[in-house]
Amino acid sequence: MYLKQLEIHGFKSFGERTKLEFGRGITAIVGPNGSGKSNIADGLRWVLGEQSARSLRGDTMQDVIFAGSAGKGPLGMASVSLTLGDCRGQLNLEFDEVTVTRRVYRSGESQYLINKSPCRLRDIRDLFLDTGLGREGYWLIGQGQIDAVLSSRPEERRLIIEEAAGIGKYRTRKTEAVKKLADTEANLVRLNDIILELKRQLEPLEKAAAKAREYLGLAEEYQKLGQALCAREWSELARESEGHLAEEARLLSALSHIDEEQRQSEKTVAALRLQAKELEELAANLQERRAQTIENMGEVRRLQDTMGERLKYLETDRQRLAGELTELERRRRQMRRELADCLWHLRSLRRQKADVLRELSKWDAAHIQRAGRDRLVREIEAVKAALKRTRLMR
């Protein structure tokens, strides 16, 4: 069995996925201080089950996750995979190549896998038990650990020799067996205490059992009496049921009539609702017409106000015209009187004209004196002027 490959991603300084190939024989990893050589050794120890954060040079297990650098941000997971070759017969697995993987997340969750199958930490420890690759083995010795081995006490040196001799597995199994025996003895003591407690409770339980048997007998008798009572009550209920059935039939018939009346009522209600809807529409129309009428009444009032004003003006004009008519009627009566006077004066002038004409006919034109003739001419002109004024007054 030999170390074939180590894949590291997100563990300590390994921000990128890194694969290290190991061949048979001796493989050396060299590099300057701070290049990550110790981180590779910590990754090997960690993937094989190391649980001490101080052994990995940290405070908590989340400290092994890559914390970021100048060119790359921190990661949320650290993963290390260890691949071993020529494992058939060396490990308790039927595989020639075995890959062990361990992951840890910043949330604290951890995962363990063997050949990509989830497993427990104990499965990994049992897998490498007695192979020299266990967590307590000295297959990986760091700086200062050689002096610690040489200066260790005999008991500690004995543990190292036993681990190297391959008896560490049996020592571990012995420790587990002793622990199981101690747990078994504690369980036996507890069991004895339980037995003693049950013995103390046995006598009350026997009394309770006797009472239970008596109870069962009484319960059986009670059940028989109850069955007889139920049979009697059943017969009575059957007789009552016949009457109830007849009553039910009558009620069903009445219910059918009630249902029919309810349907008729529903039809009536539907018709009334339809009428109510029509009345609501009519009321809405009337309301609209009322609003229009109110608006028209306002217009009529405004028109009445306007007509009232005009009527006032017309009444004023009527009074003025009545006054003028009265004045005209007075003037008409005066003009009639004046006309009567003129007609009387005209008749008088006509008579005078007739007298003058008769007088002229008596006189010859040659014998009429010049003065008398002129006087007659003036009189005639005066009569003509009076006649002209009379026409104008008509």
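As a basis for the values below, the full set of heavy atoms in this structure was taken, side chains included, without hydrogen atoms, waters or symmetry mates.
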Looking at every heavy atom in both [X] and [Y], which two are closest together, and how far apart are they?
X     : Y     : value
Asp63 : Asp59 : OD2-N, 2.9 Å
Ser13 : Asn39 : OG-ND2, 2.8 Å
Gly10 : Ala78 : O-CB, 3.3 Å
Gly85 : Lys4  : N-CB, 4.2 Å

Next on the checklist: Out of the candidates Leu311, Asp305, Leu303, only one should pair with Met307 under the side chain to side chain contact (heavy atoms under 4.5 Å, CB included) rule; please name it.
Outcome noted: Leu303

Next on the checklist: Under the side chain to side chain contact (heavy atoms under 4.5 Å, CB included) test against Ile124, which residue among Val47, Val100, Leu82 passes?
Outcome noted: Val100

Taking everything shown except [X] itself, do over 12 heavy atoms lie less than 6.0 Å from its [atom1]?
X      : atom1 : result
Glu214 : CD    : no
Glu220 : CD    : no
Gln334 : CD    : yes
Lys37  : NZ    : yes
Arg332 : CZ    : yes

Checklist entry - Do Glu109 and Gln111 touch side chain to side chain, with heavy atoms closer than 4.5 Å? => result yes

Checklist entry - Can you check whether Glu236 reaches Arg239 side chain to side chain, under 4.5 Å on heavy atoms? => result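 Yes. Closest side-chain heavy atoms under 4.5 Å.
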
Checklist entry - Regarding Thr83 and Thr99, is there a side-chain donor-to-acceptor distance under 3.5 Å anywhere? => result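 Thr99 and Thr83 do have a side-chain donor-acceptor pair below 3.5 Å.
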
Checklist entry - Does a donor on one side chain and an acceptor on the other come within less than 3.5 Å for Gln264 and Glu260? => result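 Present: a donor and an acceptor within the cut-off.
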
Side-chain heavy atoms under 4.5 angstrom apart, residues restricted to Ile, Leu, Val, Met, Phe, Trp, Tyr: same cluster for [X] and [Y]?
X      : Y      : result
Tyr105 : Phe11  : no
Ile114 : Tyr112 : yes
Met61  : Leu113 : no
Phe22  : Val98  : yes
Leu121 : Leu127 : yes

Side-chain donor-acceptor contacts of residues 183-190 below 3.5 Å, not counting sequence neighbours, with atom names and distances?
| unit_1 | atom_1 | unit_2 | atom_2 | d |
| --- | --- | --- | --- | --- |
| Thr184 | OG1 | Lys180 | O | 2.7 |
| Asn187 | ND2 | Asp183 | O | 3.1 |

Looking at [X] and [Y], would you say the former's side chain and the latter's main chain have a donor-acceptor pair under 3.5 Å?
X      : Y      : answer
Asn285 : Glu281 : yes
Lys12  : Ile40  : no
Thr18  : Glu16  : yes
Ser235 : Arg232 : yes
Arg102 : Ser81  : no
Arg106 : Leu75  : yes
Thr293 : Arg289 : yes

Should the pair [X]-[Y] be classified as a salt bridge under the 4.0 Å nitrogen-to-oxygen rule?
X      : Y      : value
Arg318 : Glu315 : yes
Arg320 : Glu324 : yes
Arg263 : Glu266 : no
Arg45  : Asp42  : yes

Next on the checklist: Under the criterion side-chain contact (heavy atoms from CB on, under 4.5 Å), I'd like the reasoning laid out for Leu196 against Asn192: C-alpha separation, chi angles, the key distance, then a yes or no.
Outcome noted: CA-CA 6 Å; Leu196 291 176; Asn192 290 330; 5.6 Å; no

Checklist entry - Run the salt bridge (charged side-chain N to carboxylate O under 4.0 Å, His left out) check on Arg120 and Asp123 step by step: do they pass? => result CA-CA 5 Å; Arg120 302 173 299 173; Asp123 295 332; 3.1 Å; yes

